[in-house]
There are 2 protein chains.
Amino acid sequence: MRVALDAMGGDFAPLEPVKGAVLATQEMDHLNVILVGNKELIEKELEKYNYDKNRITIEHAPDVIAMDEKDNPAMAVRKKPLASMNVALDLIKEGRADASVSAGNTGALMTASQLKLRRIKGVLRPAITTVFPSKKGHLVMLDAGANAECKPEYLDQFAVMATKYSEVLLGTGDPKVGLLNIGEEPGKGNELTKEAFSLLAENKKINFVGNIESRDMMDAGIDIVVTDGFTGNILLKTAEGTASFILDFLKKEIPKKGLYKLGALLLKPVFKRLKEKMDSSEYGGALFLGLNGISIKAHGNSDSKAFKNAIQVAEKFAEVDLVGGVKEAIS
Amino acid sequence: MRVALDAMGGDFAPLEPVKGAVLATQEMDHLNVILVGNKELIEKELEKYNYDKNRITIEHAPDVIAMDEKDNPAMAVRKKPLASMNVALDLIKEGRADASVSAGNTGALMTASQLKLRRIKGVLRPAITTVFPSKKGHLVMLDAGANAECKPEYLDQFAVMATKYSEVLLGTGDPKVGLLNIGEEPGKGNELTKEAFSLLAENKKINFVGNIESRDMMDAGIDIVVTDGFTGNILLKTAEGTASFILDFLKKEIPKKGLYKLGALLLKPVFKRLKEKMDSSEYGGALFLGLNGISIKAHGNSDSKAFKNAIQVAEKFAEVDLVGGVKEAIS
């Protein structure tokens, strides 16, 4: 499989994406990566490594869409057809790549992905799909921010697409779908969740288990949590904010002397595992689910390991033909 | 000041509420507590303590609304006029108490509070107002769940009421108000937040600083976060769920042997401070803001310390005449 990687996207480009590509190809024999971006800069980075020149290639793209692009994202995508994320997606369109990864500007990448890859026929709205830690291991959450305003039918369809995603990425059989809500009983919530509940309950393509509260979702054995893009984005960022607040608190509060220092030292591996568990980049970034192609958004602050994971997940999605599976599930 | 305490509400009633009342009166000389509930049971609990019989009294209430009441909450409130939470609120209505605290069924308490205390004239919707930890110390967040469906004008008014709340409870001068949203720039979000943004920006009664993302809210020096009751409830419970997930992870992952055990032992006071910081009960529970009286909802799993805090906060609200302040701010 061939993964196009936007080598100019993210806070540490092109250093970290290029290193991520090298790591990914070292681990997977059948993987090719096309680094998309400024040829000169990428070559300079690549010089640092021993790599297989047949399996890591460069596609020159002269422009970049900045992380804090002044134009609105949609405008930027149209104004800069030769920006690295645009060119990476073009490679899929042209049949030269099987999937694409970028850590660039989220809004721009969403627009570009929709423009270049188009929605699967029958898909009402594509959704940003993420993997979230849970006691069981992980769960799939969508929409994480593509659609701030949703209709009940969108949520119903998100559940169908995510069921396929969950089966393919995580190998979950008959995944349990929960509707994010502010109470467990049917009839709870706002107009959207009340109506979506009825649709989900009648949907034979999924295994709907009812409402789920955000307090319980990591603990309830649920595989998929469905919500609108506004709420999903708030949820995701609240969890991130809370986790980083707690880790900062521990860092600040553990005195850097004497026995405390010893305590911290002894527990260092545990804190490291916690950080990994809470870190969404471990799961390879977010997917724009519902498009005619694999476009993955890696976190803006991704390091080489996060890029490596994202590339490998992109490869997997292409390998198992997730797009074909979603097409079938929707039809 | 006289605080009516629902002695039958919460998971550990009447044991913990009664103990909380004893602790609160020990700390505050000018505080009287009226314990509301089954007289016999309360007396039996009180026997355990040395307390001032002039300052802790009992008001008998033969009924209780269960935490998991089978009826819908509104129905339960109407069917059991002599339930402890109803009687506690009646004491305010009759001028025999200045504030009320209950850890009982949230939905029922919300209904009962609205029925007994009524909205302040001009208040569109009362909101559940909570205090949330932040780097600065804490911030006020509303609506935490009273109104699943909101109009932009409600959010605008929440900001005005919370400004008064923040000044009175936390002593914050000219508190900074942020609108919870999924992006910082104006124009981001769903229809509700877009319209609310315009109203807030024009509102001269508040110090509006713009949109705030949930990832940044604990870190941004904001004093008040305004949102609808659906989103606020999701946010609150996501933070709770994430914090408890992390604490459980640490508990489980720190091996109970050898040096690890030592590390955990050394860091115990730090974990304890973290738990306190994340624990909303430290801040005395949630207030139904916008009513003609002080009705505080303590967490269902409150212990005596949480009840003590809630009683003292209720006392403070009454002492500084929060209701009068909100009336003035709204008019």
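All values reported here derive from a predicted model rather than from experimental measurement. Chain naming here is simple, since letters A, B, ... match the order of the sequence lines and numbering starts at 1 in each.
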Should the pair A/D143-A/R125 be classified as a salt bridge under the 4.0 Å nitrogen-to-oxygen rule?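 Salt bridge: no.
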Could you tell me whether A/K136 and A/D223 make a salt bridge, using a distance below 4.0 angstrom between a side-chain N and a carboxylate O?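 A salt bridge links A/K136 with A/D223.
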Structural part of A/L247 lying under 4.5 Å from a heavy atom of chain B: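 Neither part.
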Would you mind checking which part of A/F230 comes under 4.5 Å of any heavy atom in chain B, side chain (CB onward), backbone (N, CA, C, O), both or neither?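 For A/F230, backbone and side chain are both near chain B.
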Taking atom types as modelled and ignoring hydrogens, do the side chains of B/N233 and B/K237 form a donor-acceptor contact shorter than 3.5 angstrom?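 On atom types as modelled, these side chains qualify, holding a pair under 3.5 Å.
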Between A/S214 and B/T238: side-chain donor-acceptor atoms closer than 3.5 Å: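 On atom types as modelled, these side chains qualify, holding a pair under 3.5 Å.
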Just give me the residue among [options] that pairs up with chain A most often, heavy atom to heavy atom, under 4.5 Å.
{"options": "B/T231, B/L250, B/I246", "value": "B/I246"}
{"options": "B/G107, B/A148, B/A243", "value": "B/A148"}
{"options": "B/I182, B/V270, B/N181", "value": "B/I182"}
{"options": "B/E149, B/R215, B/M218", "value": "B/R215"}
{"options": "B/L180, B/T242, B/N190", "value": "B/N190"}

Would you say B/K176 has more than 12 foreign heavy atoms packed within less than 6.0 Å of its NZ?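 Counting neighbours around NZ of B/K176, 12 or fewer heavy atoms of other residues, nucleotides or ligands fall under 6.0 Å, so no.
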Identify which part of [X] has an atom lying under 4.5 Å from any heavy atom of chain A, answering side chain, backbone, both or neither.
{"X": "B/F249", "answer": "side chain"}
{"X": "B/T193", "answer": "side chain"}
{"X": "B/D248", "answer": "side chain"}
{"X": "B/K135", "answer": "both"}
{"X": "B/E213", "answer": "side chain"}

Can you give me the closest heavy-atom contact between B/S113 and B/S295, atom names plus distance?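 Distance-wise, the nearest heavy atoms are OG-OG, 2.8 Å.
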Are B/F12 and B/N301 side-chain neighbours, meaning at least one heavy-atom pair lies under 4.5 Å?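 SC-SC contact between B/F12 and B/N301 confirmed.
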Mutual orientation of the aromatic rings belonging to B/F197 and B/F208 [parallel < 30°, tilted 30-60°, perpendicular > 60°]: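 Ring orientation of B/F197 relative to B/F208: perpendicular.
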